[in-house]
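Report on one structure; see the data block that follows.
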Amino acid sequence: MPSYEQLSELLAPATTVLLTVECQQGVVGQDSALPELAKEARFSGALANVARLVTAAHESGVQVIHAIAERRPDGRGANHNARLFRAAERLPVQQLTGTTAVRVAPPIEVAEEDFVVRRLHGLSPIAGTDVDPLLRNLGCRTLVVTGVSANVAIPNAVFDAVNRGYTAVVPADAIAGVPSDYTPAMIRNTLALVATITATDDVLACFKRPRR
């Protein structure tokens with residue numbers, strides 16, 4: 001874990017963006033297409049921690065981007081080239097454009113100044129979406145990655161951020177995956193090699209520091 005001074009330097013509000021990944025009602029909400037993942041996100045406290053981070057970001061002037069995965073009702077443009085995509089097509093809850101499933105899930109609050117970036121294809125919230133150009137235009141240097149899942153989208157986001165020159169910060173208690181013991185193993189053996197691993201409370205302490 002980095003020291004407060006090291007983390008505080010990384011998380012300068014003017015150059016930091018908080019990214020929430022697939023924290024949408026059809027994924028982590030009460031009527032999720034993936035109930036095991038939704039349960040883990042809630043019971044682990046990860047979803048509540050994402051909400052805390054978003055609230056603190058709003059209060060401290062840190063930009064928030066919500067990355068949403070969705071598909072058109074006709075499926076046009078969606079991927080079909082992996083087992084994951086084909087399985088998703090058969091789920092009882094579909095992440096369809098314009099439906100409740102693709103709204104940001106409570107208790108996370110979306111502010112007027114937030115960006116909501118929607119993607120119709122792929123596995124990554126960054127590659128092939130508006131997230132990267134938005135980050136560059138915002139002057140982002142550090143990307144705080146939160147949300148789900150630790151199995152697929154979170155590592156994709158971290159790798160893509162690092163490959164594009166951003167410093168990735170991952171609050172370990174603000175991401176979730178299945179099974180529950182997979183997330184800490186993935187953080188320890190994979191994400192820790194390329195990202196700064198920290199905790200929600202440590203990020204909050206940096207966000208809430210007195211402004212100079």
Side-chain angles (χ1 to χ4, degrees), residues 18-57 64-73 75 78-79 82-111 114-126 129 131 144-158 170-188 190-191 197 199-201 203-204:
L18 174 65
L19 179 70
T20 76
V21 178
E22 296 182 26
C23 292
Q24 57 203 75
Q25 295 193 36
V27 175
V28 296
Q30 298 295 336
D31 298 318
S32 170
L34 304 165
E36 184 181 1
L37 177 59
K39 180 179 179 181
E40 179 62 24
R42 291 180 177 276
F43 281 30
S44 69
L47 187 61
N49 284 333
V50 175
R52 294 170 65 208
L53 288 165
V54 168
T55 297
V64 179
I65 298 178
H66 306 279
I68 301 295
E70 60 182 50
R71 56 184 285 128
R72 288 167 47 126
N79 286 66
R83 177 184 171 192
L84 175 65
F85 301 123
R86 295 190 293 272
E89 294 172 1
R90 300 191 295 270
L91 292 174
V93 177
Q94 295 290 305
Q95 314 299 317
L96 299 181
T97 300
T99 66
T100 302
V102 296
R103 295 177 184 169
V104 176
I108 299 169
E109 296 184 357
V110 180
D114 293 0
F115 290 101
V116 179
V117 177
R118 303 179 182 278
R119 78 176 194 274
L120 294 170
H121 59 82
L123 298 170
S124 174
I126 296 178
T129 75
V131 170
V144 182
V145 180
T146 66
V148 297
S149 73
N151 305 77
V152 178
I154 294 297
N156 262 266
V158 171
V170 179
D173 53 354
I175 65 171
V178 290
S180 59
D181 59 355
Y182 176 77
T183 301
M186 188 274 299
I187 291 171
R188 182 173 60 253
T190 302
L191 294 189
I197 307 301
T200 294
D201 284 346
V203 176
L204 291 176

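All values reported here derive from a predicted model rather than from experimental measurement. Quick note: numbers below take in every heavy atom, side chains included, and nothing from hydrogens, waters or symmetry partners.
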*Of all heavy-atom pairs between Leu37 and Ser149, which one has the smallest distance, and what is that distance?*
CD2-CB, 4.0 Å
*Tell me, please, which residues at least two apart from Pro107 pass side-chain contact (heavy atoms from CB on, under 4.5 Å).*
Leu47, Ala51
*Identify the heavy atoms of Pro155 and Ala150 that sit nearest to each other, and give their distance.*
CD-O, 3.4 Å
*Taking the side chain as every heavy atom from C-beta outward, state whether Leu53 and Pro171 have any pair of such atoms under 4.5 Å apart.*
yes
_Main chain of Ile187, side chain of Thr190: is a donor-acceptor contact present, judged purely on distance under 3.5 Å?_
no
*Contacts of Thr200 that satisfy side-chain hydrogen bond (donor to acceptor under 3.5 Å, both in side chains) - sequence neighbours left out*: Asp173
_Pairs involving residues 27-47, ordered by first then second residue, that meet side chain to side chain donor-acceptor pair (under 3.5 Å) (sequence neighbours left out)_ = none
*Which residues share a salt bridge (Lys or Arg N to Asp or Glu O under 4.0 Å) with Asp201, sequence neighbours left out*: Arg52
*Beyond-backbone contact of Ile175 with Leu191, side-chain heavy atoms, under 4.5 angstrom*: yes
*Residues which pass side-chain contact (heavy atoms from CB on, under 4.5 Å) with Arg118, listed by chain and number, not counting sequence neighbours*: Ile68, Glu70, Val102, Val116
*asked:* Quick check: closest heavy atoms across Val152 and Asn156, and the distance to 0.1 Å?
replied: O-ND2, 2.9 Å
*Sort out for me which residue in Glu109, His66, Gln25 forms a side chain to side chain contact (heavy atoms under 4.5 Å, CB included) with Val104.*
His66
*Taking every non-hydrogen atom, the tightest pair across Val28 and Ala41*: CG1-CB, 4.0 Å
*Just jot down the side-chain hydrogen bond (donor to acceptor under 3.5 Å, both in side chains) partners of Asn79, sequence neighbours excluded, or say none.*
Asn81
Donor-acceptor pairs under 3.5 angstrom involving side-chain atoms of residues 85-94: please list them, not counting sequence neighbours.
from  : atom 1 : to    : atom 2 : distance (Å)
Arg86 : NH1    : His80 : O      : 3.3
Glu89 : OE2    : His80 : ND1    : 2.5
Arg90 : NH1    : Arg86 : O      : 3.3
Gln94 : NE2    : Ala88 : O      : 2.9
Gln94 : NE2    : Glu89 : O      : 3.4
Gln94 : NE2    : Leu91 : O      : 2.8

*What residues form a side-chain hydrogen bond (donor to acceptor under 3.5 Å, both in side chains) with Glu22, not counting sequence neighbours?*
Arg119
_Reported CD1-to-OG1 distance for the pair Ile154 and Thr183, which is rounded to 0.5 angstrom_ = 9.5 Å
*Residues two or more places apart in sequence or in another chain: which of them pass salt bridge (Lys or Arg N to Asp or Glu O under 4.0 Å) with Arg72?*
Asp74
*Exercise: identify the closest heavy-atom pair between Ala33 and Gln95*: CB-NE2, 3.7 Å
*Taking only residues two or more places apart in sequence or in another chain, which ones pass side-chain hydrogen bond (donor to acceptor under 3.5 Å, both in side chains) with Thr146?*
none
*Got a sec, which residues hit side-chain contact (heavy atoms from CB on, under 4.5 Å) with Ala48, two or more places apart in sequence or on another chain?*
none
*Looking only at heavy atoms, which two atoms of Ala157 and Pro125 are closest? And how far apart?*
CB-CG, 3.6 Å
*Using modelled atom types only, decide if a donor and an acceptor are shared between the side chain of Asn151 and the backbone of Val178 within a distance under 3.5 Å.*
yes
